Amino acid sequence: MGEVHVIDHPLIQHKLTLLRMEETGPKEFRELTDEVSTLMAYEVTRELPVQEIEIETPLQKTTAKVMAGKKLAVVPILRAGLGMLDGILKLIPTARVGHIGLYRDPETLKPVEYYCKLPPDVNERELIVVDPMLATGGSAAAALDFIKKRNPLKIRFMCLVAAPEGVDELQQTHPDVDIYTAAVDERLNEKAYILPGLGDAGDRLYGTK
Ligand code: PRP
Ligand code: URA
């Protein structure tokens, strides 16, 4: 079963609280999402391999570690996942980027796919799939179904807020995928919004409501 990593660093918790607040407007919401994503990316990349290279300091030759050049790609789930992309790329600027477009049908609450463009060599890459909200888990599970058809080496899923229901769903449907989140909240409401949550992430990022 995929592990759940709750990244509860004080800086992340502080910024997440600001994200939750109703009075936080789109500009600040985007900035905070970007900052939290950078901080979380630090943990999500913790297990990436390093290699020794030879260098010269001003004083002597030595060996020192650099990233082992692992091939990575970040895949935001449109549209709200886009808000997390740049924050992650700040730490891993050479990662490729894929996009997968899904929205949750407001009647059925089921995910509908409308776009998918991944790097051609995705089968040689480890992926970080990102979406701020893991609610029922339907969107994330469907996104991973599509993405897995292209045989990536490994997938990590990163979100800001998860509901216990979404965590269960993802662990059952994709037990090979670890989940990285800043919080696991209490539950879903009758419209499948996360409580206490932060509302509709896409609308808050882009001011569409
Ligand atoms: C939100 C969110 C997730 C999904 C989570 O997207 O960004 O993709 O809902 O819900 P689930 O776990 O129950 O599937 P939404 O469908 O509102 O689309 P948007 O990103 O275009 O706003
Ligand atoms: N999507 C969101 O943006 N927020 C929720 O609470 C649930 C799904």
Side-chain angles (χ1 to χ4, degrees), residues 2 4 6 15-34 36-37 40 44 74-88 97-118 127-148 155-175 177-209:
V4 182
V6 180
K15 291 174 192 296
L16 180 61
T17 298
L18 299 176
L19 279 167
R20 290 184 190 279
M21 289 163 65
E22 192 178 11
E23 58 267 35
T24 300
K27 174 178 178 288
E28 204 186 344
F29 194 92
R30 279 196 299 275
E31 289 167 359
L32 288 162
T33 300
D34 185 71
V36 173
S37 301
M40 290 183 71
V44 176
V74 184
V75 183
I77 301 178
L78 306 179
R79 101 195 122 132
L82 276 181
M84 300 174 72
L85 178 62
D86 285 349
I88 300 170
V97 179
H99 294 86
I100 181 149
L102 292 170
Y103 69 90
R104 210 169 60 152
D105 184 292
E107 300 300 324
T108 65
L109 302 179
K110 299 276 180 228
V112 182
E113 188 213 1
Y114 60 88
Y115 187 77
C116 185
K117 182 86 177 175
L118 300 175
L127 307 187
I128 305 171
V129 176
V130 299
D131 189 325
M133 309 306 282
L134 180 64
T136 65
S139 303
L144 298 185
D145 285 341
F146 290 123
I147 292 168
K148 280 185 177 175
I155 302 177
R156 297 174 176 88
F157 181 80
M158 174 174 157
C159 60
L160 300 182
V161 181
E165 295 90 334
V167 170
D168 288 348
E169 173 68 11
L170 210 54
Q171 285 185 322
Q172 277 173 30
T173 52
H174 296 281
V177 174
D178 280 3
I179 300 169
Y180 295 79
T181 184
V184 180
D185 274 9
E186 287 169 22
R187 63 183 175 91
L188 298 177
N189 72 7
E190 65 289 350
K191 290 190 172 160
Y193 276 88
I194 300 174
L195 296 177
L198 48 74
D200 188 305
D203 284 341
R204 295 200 63 190
L205 278 165
Y206 302 114
T208 43
K209 217 170 210 174

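Worth saying up front: this structure is predicted, and the values here are computed from it rather than measured. Any value given below was found using the heavy atoms of this structure, including those in side chains, with hydrogens, waters and symmetry copies removed. In listed order, ligands and their atoms are each counted from 1.
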Considering non-hydrogen atoms only, spot the tightest contact between [X] and [Y] and give its length.
X	Y	value
Gly202	Thr208	O-OG1, 4.1 Å
Gly197	Val161	CA-CG1, 4.5 Å
Leu102	Tyr114	N-CE2, 3.4 Å
Asp131	Met84	C-SD, 3.6 Å
Leu134	Ala140	CD1-CB, 3.7 Å
Ala143	Ile77	CB-CD1, 3.6 Å

Starting from [atom], locate the nearest protein heavy atom and write down its residue, its atom name and how far away it is, to 0.1 Å.
atom	answer
atom 5 (C) of ligand 2	Tyr193 CD2, 3.3 Å
atom 21 (O) of ligand 1	Arg79 NE, 3.2 Å
atom 6 (O) of ligand 2	Ile194 N, 2.8 Å
atom 17 (O) of ligand 1	Asp200 OD2, 3.9 Å
atom 15 (P) of ligand 1	Arg104 N, 4.2 Å

With a 3.5 Å distance limit and no angle check, can you tell me whether [X] reaches the backbone of [Y] through a side-chain donor-acceptor pair?
X	Y	result
Glu165	Leu188	yes
Arg204	Gly199	no
Arg156	Ile128	no
Asp34	Gly87	yes
Thr181	Leu160	yes

Closest to [atom] among [options] (heavy-atom distance):
atom	options	answer
atom 4 (N) of ligand 2	Ala163, Ala135, Gly199	Gly199
atom 5 (C) of ligand 1	Met84, Met133, Lys110	Met133
atom 18 (O) of ligand 1	Leu102, Leu170, Thr208	Leu102

Discussion item. Would you compute the distance between atom NE2 of His174 and atom CD1 of Ile179 and round it to the nearest 0.5 angstrom?
Written reply: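 Answer for the NE2-CD1 pair, His174 versus Ile179, is 10.5 Å.
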Worksheet item: Protein heavy-atom contact under 4.0 Å for atom 3 (C) of ligand 1?
Response: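 Yes.
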Worksheet entry | Ser139, portion touching ligand 1 at heavy-atom distance under 4.0 Å |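 The answer is both, backbone and side chain.
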Item to complete: Please state which part of Thr136 comes within less than 4.0 Å of ligand 1, counting heavy atoms only: side chain, backbone, both or neither.
Response: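 Both backbone and side chain of Thr136 come within 4.0 Å of ligand 1.
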Item to complete: Please confirm whether Met133 comes within less than 3.5 Å of ligand 2 when only nitrogen or oxygen atoms on both sides are compared.
Response: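 The answer is no, given that Met133 and ligand 2 share no N or O pair closer than 3.5 Å.
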Worksheet item: Can you list the ligand 2 atoms lying under 4.0 Å from a non-hydrogen atom of Ala192?
Response: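 So the answer, numbered in order with elements, is 7 (C).
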Fill in: Interfacing atoms of ligand 2 (cut-off 4.0 Å, heavy-atom, Ala201)
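Listed by number with element, the hits are 2 (C), 3 (O).
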Decide whether an N or O pair under 3.5 Å exists between [X] and ligand 1.
X	result
Asp131	yes
Gly137	yes
Gly202	no

Worksheet item: With a cut-off of 4.0 Å, which atoms of ligand 1 are near a heavy atom of Tyr103?
Response: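 By the 4.0 Å cutoff, the relevant atoms are 16 (O).
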Discussion item. Need the ligand 1 atom indices (1-based, order shown) with element for anything under 4.0 Å from a heavy-atom of Ala80.
Written reply: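 Ligand 1 atoms under the 4.0 Å threshold to Ala80: 7 (O), 20 (O).
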